[in-house]
Protein chains: 2
Amino acid sequence: AAPHGFRALDCDSVRHYVAARPPLQQRVGPPASVDSWTVREVGDGNINFVFIVEGPAGALCIKQALPYVRCVGESWPLTQDRVRIETEALAEEAAVCPEHVPAVYLYDKAMCLIAMRYLAPPFIILRRGLVAGATYPRLAGHLAAFLASSLFHTSAIKLNTTAFRQKQAQFANDEMCRLTEQVIFTEPYIKADNNHWTSPQLDADVAALQSDVAAKVAVSRLKAAFVGQPQALLHGDLHTGSIMVTAEETAVIDPEFAFYGPIAFDVAKILANLLLCYFSLDGHEAAAGAGSRQAQREWLLATLRDTWTGFVAAFTRLWDAHGGAGDLYPAALAGPAGGPVLAALQADFFAQLWGETVAFMGAFVIRRLVGIAHVADMDSIADADTRAACERRALHFGRRMLVEAAAGFTSIEALAEAAVAARSA
Amino acid sequence: AAPHGFRALDCDSVRHYVAARPPLQQRVGPPASVDSWTVREVGDGNINFVFIVEGPAGALCIKQALPYVRCVGESWPLTQDRVRIETEALAEEAAVCPEHVPAVYLYDKAMCLIAMRYLAPPFIILRRGLVAGATYPRLAGHLAAFLASSLFHTSAIKLNTTAFRQKQAQFANDEMCRLTEQVIFTEPYIKADNNHWTSPQLDADVAALQSDVAAKVAVSRLKAAFVGQPQALLHGDLHTGSIMVTAEETAVIDPEFAFYGPIAFDVAKILANLLLCYFSLDGHEAAAGAGSRQAQREWLLATLRDTWTGFVAAFTRLWDAHGGAGDLYPAALAGPAGGPVLAALQADFFAQLWGETVAFMGAFVIRRLVGIAHVADMDSIADADTRAACERRALHFGRRMLVEAAAGFTSIEALAEAAVAARSA
Ligand SMILES: Nc1ncnc2c1ncn2[C@@H]1O[C@H](COP(=O)(O)OP(=O)(O)O)[C@@H](O)[C@H]1O
Ligand SMILES: Nc1ncnc2c1ncn2[C@@H]1O[C@H](COP(=O)(O)OP(=O)(O)O)[C@@H](O)[C@H]1O
Ligand SMILES: [Mg+2]
Ligand SMILES: [Mg+2]
Ligand SMILES: [Mg+2]
Ligand SMILES: [Mg+2]
Ligand SMILES: [Mg+2]
């Protein structure tokens with residue numbers, strides 16, 4: 001049930017909502033101008049409503065959660081506490097990397113809404129930019145910085161375990177986690193009404209996946225990690241549709257799935273979505289001409305590599321600087337930065353993380369080809385046979401990542417090379 | 001600060017406390033008999049006070065927590081919420097294996113006390129029985145059953161993840177976990193005032209441990225698992241001093257450290273304490289005569305093996321019967337008991353668990369030789385050189401388990417054989 005005082009907004013009532021709240025109203029325009037303000041509902045996500053309110057003084061963004069999943073309707077209820085989670089996660093992220101999250105102007109608990117900075121054009125959803133063929137030279141550096149700071153500062157490497165456990169309780173996000181457990185870690189591997197794929201082209205591939213014992217064992221490990229490995233405050237939904245970009249800037253939005261989980265989950269989700277785009281490019285070239293996406297292809301591979309290596313470097317720098325005061329690897333045990341013990345601890349940590357990241361990447365690739373939610377990167381390939389060829393290569397590569405993990409892919413460079421090979425296979 | 005209404009009891013006030021509460025009083029004797037009741041404080045643990053009240057009708061046990069650690073005093077404050085944890089953990093255990101926990105008669109929140117069944121002689125603390133040379137043929141079966149049922153039924157193999165997360169929040173036990181993090185996973189590996197060992201005999205061994213990079217990496221992994229791997233409701237302190245036994249019965253007491261953590265922690269703690277006893281036997285034979293502990297030695301090795309194998313068998317039976325309804329390995333993905341998918345999932349689960357169990361065993365052995373709390377098994381060896389010889393063998397074996405884990409010990413049988421070899425090395 002929605003909280004007392006809740007009502008669902010539409011374009012008209014949003015305007016009055018903003019006009020009635022001076023700190024918001026002032027950002028849009030003087031009271032006399034209210035009738036001239038424009039309001040657009042731009043929510044292209046699956047879950048919530050997003051309104052852009054523009055007037056003579058400027059614009060802002062209002063995101064409201066209804067008590068159900070937008071793209072399904074009232075038959076799929078969903079906790080509105082997700083707005084509190086999103087607000088508090090944005091605050092955690094803003095505390096450590098304000099340059100990569102939209103400023104929040106207001107959180108209205110009863111109305112289940114957030115008013116935040118409007119990321120105006122040229123800001124565009126990264127996935128849309130990628131589908132259109134764009135490249136973003138600063139993206140890898142920004143993603144590495146966002147991942148490292150948001151994950152490090154909420155981990156027990158930085159925090160004492162008391163604070164760590166308190167934050168874990170604060171970000172209890174049961175219903176949203178259940179959604180992930182269902183649609184990412186379960187449904188793609190069984191017969192489920194939500195599943196769909198390019199059919200009949202991929203029917204045999206999907207049948208093989210759903211009777212693949214090794215894949216079921218591997219994805220069950222990942223589900224166990226998702227449910228039982230609180231390591232840091234995750235964004236929880238860090239795909240290319242949760243990132244807005246320009247040539248200069250990168251902003252991460254939509255952390256309503258935030259919770260304490262395995263660090264590899266966030267890292268892998270963005271890498272997997274870059275890889276899905278990579279495997280889609282042959283489909284776009286089929287329509288637009290051979291080689292038309294070659295530069296983007298190379299940039300995507302470089303971004304994949306640089307995001308991982310940049311993340312490891314940035315996380316290590318934070319650990320060197322602040323890890324000694326945290327409870328997991330206290331200075332009394334780990335010794336100083338540059339010393340042999342801390343170096344060995346870090347090597348062990350990143351080796352473990354790499355294996356988990358590869359496996360999670362596999363699960364994220366698979367679920368976007370077989371499960372409930374697909375990606376525009378593939379869906380926008382009009383010809384079904386061409387699309388299926390791209391999806392099949394991605395699906396098989398995803399299965400390999402899921403099952404082989406670090407044993408099959410010894411480094412991010414090796415993984416990128418294997419992706420190149422898989423494309424021409 | 002203690003709760004409102006709290007007062008520390010002594011032998012005299014305990015009697016009046018019981019007499020004033022009819023449900024307790026009736027178990028001990030009629031009101032007219034109160035002056036004849038005897039009260040003994042028997043707490044030989046380090047943390048709390050335990051009173052036995054006996055009268056003509058029977059006896060009961062009162063355990064009270066003061067707002068500090070008993071053996072240290074007011075300078076080491078400790079949350080009295082540990083009594084709530086102990087009460088609720090006893091209830092969870094009683095729900096699934098009532099035959100192995102004492103019945104609770106009353107929980108008094110304000111007084112921070114539990115009234116429970118008095119485990120009268122011939123019940124004896126297992127560690128004391130072992131030091132005296134006793135064997136308990138039914139122990140392995142009972143431990144296997146207790147471990148399997150308490151751990152399985154509180155895991156997400158059995159539960160849906162919503163219930164799993166709720167129980168995790170219910171058993172938030174921050175201060176007690178901090179204690180474990182400090183005294184088990186940190187202090188033995190650094191210079192710390194709490195540490196002590198048989199000196200000077202073991203000085204070089206301890207110095208080697210404290211500059212052992214591989215040991216620090218391995219114990220840090222375990223600390224990370226302790227802090228960030230909620231898998232089931234653990235007892236949290238399952239050593240041989242938390243178990244009372246007769247020839248026929250086994251009762252597990254003292255779950256005040258209960259929390260959601262890695263299953264291997266509980267399994268390893270009891271196995272490690274059996275192993276510490278094993279390595280102590282040469283010291284007892286040195287005084288009592290060669291071969292005087294040979295039968296106990298063989299029984300200990302058999303108990304070590306049978307506890308692990310019995311635990312795996314019992315946990316598997318529960319999983320086969322109830323796992324399909326849980327969220328981690330739902331029937332829709334895992335298929336039926338006896339089928340190839342569930343068999344593969346279980347093999348993967350126990351392989352992972354075995355490696356973690358060996359490593360935790362190493363940490364538990366080490367901390368009882370070098371850290372704040374030692375074991376009577378070793379301490380009761382009067383001659384320091386003899387004791388040090390036993391402790392050194394245990395310490396080196398503990399280090400091997402910690403660092404090598406599953407790579408060094410491929411099965412419980414291999415581990416038992418290695419212990420035999422380590423003893424005569
Ligand atoms: N701060 C913002 N500025 C500009 N556009 C935004 C902003 N927040 C969201 N949007 C737009 O709304 C869409 C949906 O927002 P999102 O937070 O992802 O909602 P959902 O939770 O439904 O996925 C985004 O894809 C983007 O186009
Ligand atoms: N129910 C009981 N029946 C008989 N003796 C008990 C009982 N509970 C505790 N004891 C005795 O009191 C001692 C300390 O109890 P325990 O619960 O381990 O306290 P602590 O938390 O201080 O370690 C035990 O070692 C045992 O000798
Ligand atoms: Mg979104
Ligand atoms: Mg969203
Ligand atoms: Mg005790
Ligand atoms: Mg205790
Ligand atoms: Mg000692």
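Chain identifiers are assigned alphabetically (A, B, ...) following the order of the sequence lines, protein sequences preceding nucleic acid strands; residue numbering begins at 1 within each chain.
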**Request:** Could you tell me which non-hydrogen atom of A/P330 sits nearest to which non-hydrogen atom of B/T186, and how far apart they are?
**Result:** CG-CG2, 4.3 Å
**Asked** For B/P340 and A/V213, which heavy atoms make the closest approach, and how far apart are they?
**Response** O-CG1, 4.2 Å
**Item:** Winner by heavy-atom pair count (cut-off under 4.5 Å) against chain B, out of A/Q231, A/K216, A/R178
**Value:** A/R178
**From CZ (B/F349) to CZ (A/R221), nearest 0.5 Å** = 12.0 Å
**Asked** Who among A/E181, A/Q182, A/E175, A/Q210 has the most heavy-atom pairs with chain B under 4.5 Å?
**Response** A/E181
**Message:** So does A/D327 get a backbone contact from the side chain of B/K223, meaning a donor-acceptor N/O pair under 3.5 Å?
**Reply:** yes
**Message:** Please find the pair of heavy atoms, one from B/V217 and one from A/A344, that lie closest to each other, and give the distance.
**Reply:** CG2-CB, 3.6 Å
**Request:** Between chain A and each of B/V341, B/L333, B/V227, count heavy-atom pairs under 4.5 Å; write down the option with the most.
**Result:** B/L333
**Fill in**
When the 4.5 angstrom heavy-atom criterion is applied to B/A172 and chain A, the contacting part is neither
**Complete:** For residues 161-169 of chain B against chain A, heavy atoms under 4.5 Å, the residues are B/T161, B/T162, B/F164, B/R165, B/Q168
**Which of A/I190, A/L328, A/V219 touches chain B most, by non-hydrogen pairs under 4.5 Å** = A/L328
**Prompt:** Of the backbone (N, CA, C, O) and the side chain (C-beta and beyond), which part of B/D348 lies under 4.5 Å from a heavy atom of chain A, both, or neither?
**Reply:** side chain
**Prompt:** Which region of B/Q229, side chain (C-beta onward) or backbone (N, CA, C, O), has a non-hydrogen atom less than 4.5 Å from a non-hydrogen atom of chain A, or is it both or neither?
**Reply:** both
